[in-house]
Undergrad: 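This is the structure I have questions about; it appears just below.
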Amino acid sequence: MEAVLSQEKHAHAGGHAHGESFIRHYIFSTDHKMIAKQFMFTAIFFLFIGGAFALFIRWQLAYPGQPIPLIGQLLPSTWVNAQGAVTAEWYTQLLTMHGTIMIFAVIIPLLVGTFGNFAIPLMIGADDMAFPFLNMVSFWLFPLAGVIMMSGFLMEGGSAAAGWTGYPPLSAIASTGQTLWIVALFLIGFSSILGGVNYITTILNMRAPGMKMFDMPMTVWAVFITAIIITIGTPVLAAALSMLFMDNFLSTSFFVPAHLTVATRDMSRTAGGGQPLLWQHLFWFYSHPAVYIMILPGMGVVSDVLSTFSRKPLYGYKAMVYAIIAIAFLGIIVWGHHMFQSGMNPLLGTTFMVSTMVIAVPSAIKTFNWLGTMWRGKMEFTTPMLNAVAFVSMFVIGGLSGIFMASTPVDVFIHDTYFIVGHIHYVLFGGSLFAIFAGLHYWFPKMSGRMYDERLGKLHFWITFISFNATFFPMHILGIGGMMRRIYDPTVYDFLKPFQPMNEFITISAIVLGFAQFILVYNLAHSWFYGKKAKRNPWRANTLEWQAPSPPPHGNFDTELRVYRGPYEYSSPESVQDYLPQTVSPEELLAQRQRHEERLAQQEHAQPVA
Amino acid sequence: MASGMSFQEIQKSYFKVFIALLILTALTVAVTTIHFGDVANIVIGVVIALAKAGLVAYIFMHLKFDNKRLRYFVGIPIFFFVTLVMTLTVLGL
Amino acid sequence: MLDWLPENVSIFGEGVDHLFTLIYYITVAIFILVNVIYVAFIIRYRRKRKGERAYHYHGNNLLEFSWTALPFVLFLFLAFYSDGIWEDIKYSDRTPNPDLVVEVMGQTYMWHFRYPGSDGIFGRRDAKFMGTTNPFGIDPDDPNGKDDYTTINSMTIPVNKTVLVHLSSMDVIHSFFLPNMRVKQDAVPGQWVDVWFNSMKTGKYEIACAELCGSGHYLMRAVLDVKSQSAFDGWIDEQYGSQLAALSAPAAASAPNADASQNDQSAPAVSPTH
Amino acid sequence: MSTLATTHTRFGTGIYHGKLGMWVFLASEIMFFSGFFGAFIVLRNLNIEVFTASAHMLDKTVATVNTAVLITSSLTMALAHLALERGEQGKFRLFLFITILCAFGFLGIKSFEYATKFGHHIYPWTNTFFATYFTMTGFHALHVIGGLIPMIWMLGKSLVKGYPQEMHHRVEALGLYWHFVDLVWIFLFPTLYLIF
């Protein structure tokens, strides 16, 4: 069997593509690396769309009713008024689509789609996913859903406008755009589930010989646990979306109580008897775990990057794994903390508060372990490392601000204010997106076969880091001041008027933040074609993906892999170098040491002569 | 098949399960025509359904014969199913 | 940072703010602690020359245990401390006896307030009567409802009195937000929720909607007028005056609205103060 | 699929990919239907009279027959897999054919039930009970159709050139799915038709 395996492997190793057509290779590819790239390009495209929406929102908040500079007059009259300012209708559509796109079309595809697809087979020493065809279907559902969702803007009544949480009855009595939003989310959910099934099967079945579960890098662990959350949480969202679709499209009343007074829609067919809070329970049963879907892979990537560039084993590897499992488990049973003020039984508020507070514990474990990893390390501040370091710090802020919301009485005041907006952006931008930047740079040499430009990478990091904090930190203050989220014009309220200069400051920072992302795109795009050729293992890392050529061919590895140890043996005294790849056998290690000693002896021998 | 059972034995167990399922179906229909009270009827219906589901999962879906680890794939979602349903029941009351 | 909080004028708001401050100091302390260590590590443990070796170390179980246990104790303490205040605010059996009961109904982009009138009893309401002209669905046949009066976007309450609000919505979900009272509660259609608060100070405060309810969400602003008891009594008398005037001319009031007769019993709406 | 990599023959858990993946997928399917069952419980507690009255309008006899049909199809599916594992192509074809027949029978009876309801002017929007009834049975029927398609494909392939015996893993995975569809119905049947 082994012989057959290696024979076939060598047959694959050389061939980039066995005369595959352009379409099979670049478009309907079943190769996990190509699918990862497809996820990446599509998600970055959506990142810019979602970012543009955010800037429109920010412009309106800082300068209510003033025309959008430069392009205001060019936009269709259904979006802007005669002067070119954002209308209230378009504003609610924008904030809805900004949230939905950033979560479902940017962060999840980048972390789970891109890194999951790229890293899993390479890091566990497999040639591809367990179900390559499903993998392809899983990708293609995503742009399809994106198109369906975006087409809402062209419909009468505009796109979805009930917030990314889509609370009924508002979403159940809405326009066609809302229906498209439901369909699109359903498709994305299905794509996620297919991906999750694929990841779990691949990780459980296809690890390289000798690789135990506790020999897997944190990235693989994190994506594995994420995939479990996806398979458990996403179907519940799918069920909720199906019911919302029925409510919206067929006038059933799962979430619609009787006798609603609605001007925009004929409610005569709706029987009533539904429960709006039911949606919130089902929605948050998925969407709270979704927060962890969006942060856990980031934590995995950051753990790998921190360990590699500190040249030190990951502190408390097993504790890190158990912390991820604990976060995932607790994450699924704390959904009710989004609903403290929703009118649900306050007794549930108490229970959900306790479970939510407990979830801070594994998060604290992770933070302290990252600190422990850096302790007495020899840190190299490359771009991935800078982004990973920023991740830890920003995640601490995001985590700590979460404690305010977890405490039910404080949540009474800050619920649905900008404090929440600040918090979620610290977690999802400061957390997930910095982890994404770290991962993109870290695996860029493996993905493209070339090095990115370190100076541009650092420039992008510093501008992003500073403008990010300037954008989102003041939002906490706005929230403490009581500014509600999702309002079109804060100057309507007297108690919010003093905050207008702060709103302007945030908007200016946000513009800088938005435009800084062009540096990233330029750097990656330019380096993809013109960068310095990358070595096989430019970071001197231990994990298996660095044993493959850069970029890996179809079939990934050109050598036989066998795993002998965990992924974090940096600076091991056993090794001659300051790293010890997982694949180096004890015999080879011995031989290396002998050669090294011989060389040392020779040098000593040679010295008196010189 | 990893079970070590002969094909005849497996085939036989399939038919036994089939007969049991039919009997249980008849039973559940028969029993629920009698009104024992709201809660009692629900309990009876659910218990019989659980028994039937157990038979299907255990024999038809090979959980009895297969790798025991597969039972996690049933156990984990059922745990969260119960969590969700219990919370929603509190909401509904 | 906490100086930015809007002025608190309610009694339980003090407890909320106290907790807010406590959590604020705890989190700031943790943040400073972590980041000082962090920055120190970044400066101290950077690689100075090529080929330098880090300390090969996999972790320490005692440390691991202690930084699991410490946050656990801390956060459980926070949870139980918070829960006391939470129960005071939200649990119905902890609600003090109200001096005034007001019904509040959210409708897209406005708030309706309903007072029980001189008899202190609300008229029966039924969802089937609900409509734009009768937001509360007041039963036209119930005599108790005759003297109920409603206002739009303006709520008046006496100072230092416990006010109980029955809250609901007639279309989508709104959220009844009184920044100065530290009150926020979603108004869910088809369901009545109770909220209570009391104001320690007279003055005019703002009421906002905190849950996205459509494109006019930001316009859903109402004014809370906290009056001294005597001024409040005067205001009530004034309402009765107009109420009685409306009742004494029933023909004039009901004739133009024959098709929507259930609305007649409610007093003319007090116009918003802004 | 000739470019499939060699690690595809590596089964760390000792369970081949198709079966493992199918179980993971079924785990997610359990959660999908749990969303509906959760909604059912909430709505039932809110509208108990409506639910009781409406449930009595359903046709128990038809549903019982349908249950029997689905159970039979589950049996034949299991037998079909067994037959293929033993290399008995003829039996495999026969049992698969009966399974397909049962699936069509189930769908036929279901559409008859739907048609009767529509004939009595009962639609999903009539009340919350029928909303859940149509949604749950509708999604279940979609799952039946989802199982039918690969079954027909397998039968067709088996008739044309014989279904490869070593593919019995695929038939087993499909069987798992099919038994799950049966399982869902086992719960839907008392929930919608009997407990009221």
Side-chain angles (χ1 to χ4, degrees), chain A residues 1 4-6 8-9 12 15 17-18 20 30-31 121 125-128 130-134 193 196-198 200-202 204-209 230-240 242-243 246-247 250-254 269-275 278 281-282 285 554-556, chain D residues 1-51 54 123-136 138-139 142 173:
Chain A
M1 172 105 166
V4 178
L5 276 182
S6 62
E8 268 189 73
K9 189 182 281 280
H12 287 299
H18 300 277
E20 277 177 337
T30 53
D31 179 19
D127 293 1
D128 204 328
F131 308 111
F133 181 76
L134 271 193
I193 292 173
V197 169
N198 214 342
I200 292 176
T201 312
T202 308
L204 285 180
N205 259 355
M206 292 171 68
R207 295 190 309 279
I230 288 175
T231 44
I232 288 175
T234 318
V236 178
L237 178 72
S242 314
M243 290 186 263
M246 297 283 282
D247 274 5
L250 289 178
S251 300
T252 59
S253 35
F254 286 104
R269 210 169 80 176
T270 310
Q275 167 59 284
L278 174 61
H281 276 286
L282 296 176
F285 186 85
H554 210 104
N556 290 347
Chain D
M1 286 294 175
S2 63
T3 57
L4 273 198
T6 52
T7 51
H8 271 257
T9 51
R10 192 189 283 161
F11 304 118
T13 49
I15 307 159
Y16 56 91
H17 300 328
K19 190 163 158 185
L20 188 63
M22 182 51 81
W23 269 109
V24 180
F25 181 69
L26 293 185
S28 85
E29 287 279 29
I30 294 177
M31 294 311 292
F32 181 67
F33 281 99
S34 73
F36 289 122
F37 278 103
F40 180 88
I41 291 168
V42 169
L43 295 176
R44 176 192 170 275
N45 288 345
L46 280 176
N47 311 286
I48 190 108
E49 290 88 8
V50 173
F51 267 54
S54 307
Y123 302 102
W125 51 87
T126 302
N127 61 39
T128 39
F129 176 81
F130 284 108
T132 41
Y133 165 78
F134 279 106
T135 314
M136 286 167 106
F139 269 103
L142 280 180

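Just so we're on the same page: letters track the sequence lines, and every chain starts at 1.
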Undergrad: Could you look at A:Arg269 and say if it's the side chain, the backbone, both or neither that has a heavy atom under 4.5 Å from chain D?
TA: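 Backbone plus side chain of A:Arg269, per the 4.5 Å heavy-atom cut-off to chain D.
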Undergrad: Once you round to the nearest 0.5 Å, how far does CZ of D:Phe139 lie from CE of A:Met243?
TA: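 So the CZ of D:Phe139 and the CE of A:Met243 are separated by 9.0 Å.
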Undergrad: Which bit of A:Ala238 comes within less than 4.5 Å of chain D, counting heavy atoms only: side chain, backbone, both or neither?
TA: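 For A:Ala238, heavy atoms of backbone and side chain both lie under 4.5 Å from chain D.
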Undergrad: Please enumerate all residues that pass ring pair (Phe, Tyr, Trp, His ring centres under 6.0 Å) together with A:Phe285, with sequence neighbours excluded.
TA: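 Counting only residues at least two positions away or on another chain, A:Phe285 forms a ring pair (Phe, Tyr, Trp, His ring centres under 6.0 Å) with A:Trp335.
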Undergrad: Would you say the side chain of D:Pro124 lies within less than 4.5 Å of the side chain of A:Met246, judging by non-hydrogen atoms?
TA: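 Touching, per the 4.5 Å side-chain cut-off.
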Undergrad: Could you tell me which of A:Asp247, A:Leu204, A:Leu282 has the largest number of non-hydrogen atom pairs under 4.5 Å with chain D?
TA: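 If we count pairs closer than 4.5 Å to chain D, A:Leu204 comes out on top.
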Undergrad: My understanding is that only one of A:Asn205, A:Thr202, A:Val197, A:Ile200 makes a side chain to side chain contact (heavy atoms under 4.5 Å, CB included) with D:Leu20; could you say which?
TA: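 Among A:Asn205, A:Thr202, A:Val197, A:Ile200, the one meeting side chain to side chain contact (heavy atoms under 4.5 Å, CB included) with D:Leu20 is A:Asn205.
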Undergrad: Got a second to check how far A:Leu134's CG is from D:His17's NE2, nearest 0.5 Å?
TA: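 Separation between the atoms: 12.0 Å.
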Undergrad: Answer with side chain, backbone, both or neither: which region of D:Ile15 has an atom nearer than 4.5 Å to a non-hydrogen atom of chain A?
TA: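 Backbone only.
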Undergrad: Find the one option among A:Pro121, A:Ser251, A:Gly233, A:Ala208 whose heavy-atom pairs under 4.5 Å with chain D are most numerous.
TA: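 Going by pairs under 4.5 Å, I would pick A:Ala208.
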Undergrad: Distance from D:Met31 atom CE to A:Ile193 atom CD1, nearest 0.5 Å?
TA: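 Going from the CE atom of D:Met31 to the CD1 atom of A:Ile193 covers 10.5 Å.
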Undergrad: Is there a side-chain contact between A:Pro235 and D:Phe33 (heavy atoms, below 4.5 Å)?
TA: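 No, side chains not in contact.
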Undergrad: Could you measure the distance from the CD atom of A:Gln275 to the CG atom of D:Leu43? Nearest 0.5 Å is fine.
TA: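 It is 8.0 Å, given to the nearest 0.5 Å.
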Undergrad: Quick one: side chains of residues 125-132 of chain D, donor-acceptor pairs under 3.5 Å with protein atoms, not counting sequence neighbours, listed by atom name and distance.
TA:
residue	atom	partner	partner atom	Å
D:Thr126	OG1	D:Tyr123	N	2.7
D:Thr126	OG1	D:Tyr123	O	2.8
D:Asn127	OD1	D:Phe129	N	2.9
D:Asn127	OD1	D:Phe130	N	2.9
D:Asn127	ND2	D:Ser54	OG	3.0
D:Thr128	OG1	D:Asn47	ND2	3.4
D:Thr132	OG1	D:Thr128	O	3.0
D:Thr132	OG1	D:Phe129	O	2.7

Undergrad: Say you draw a straight line from CG of D:Leu26 to OG1 of A:Thr231; how long is it, rounded to the nearest 0.5 Å?
TA: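 Taking CG in D:Leu26 and OG1 in A:Thr231, the distance rounds to 11.5 Å.
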Undergrad: With chain A as the partner, which of D:Gly35, D:Gly38, D:Gly14 has the greatest number of non-hydrogen pairs under 4.5 Å?
TA: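 So the answer, after comparing D:Gly35, D:Gly38, D:Gly14, is D:Gly35.
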Undergrad: Going from CZ on A:Phe131 to CZ on D:Phe25, what distance comes out if it is rounded to the nearest 0.5 angstrom?
TA: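 One finds 11.5 Å between CZ of A:Phe131 and CZ of D:Phe25.
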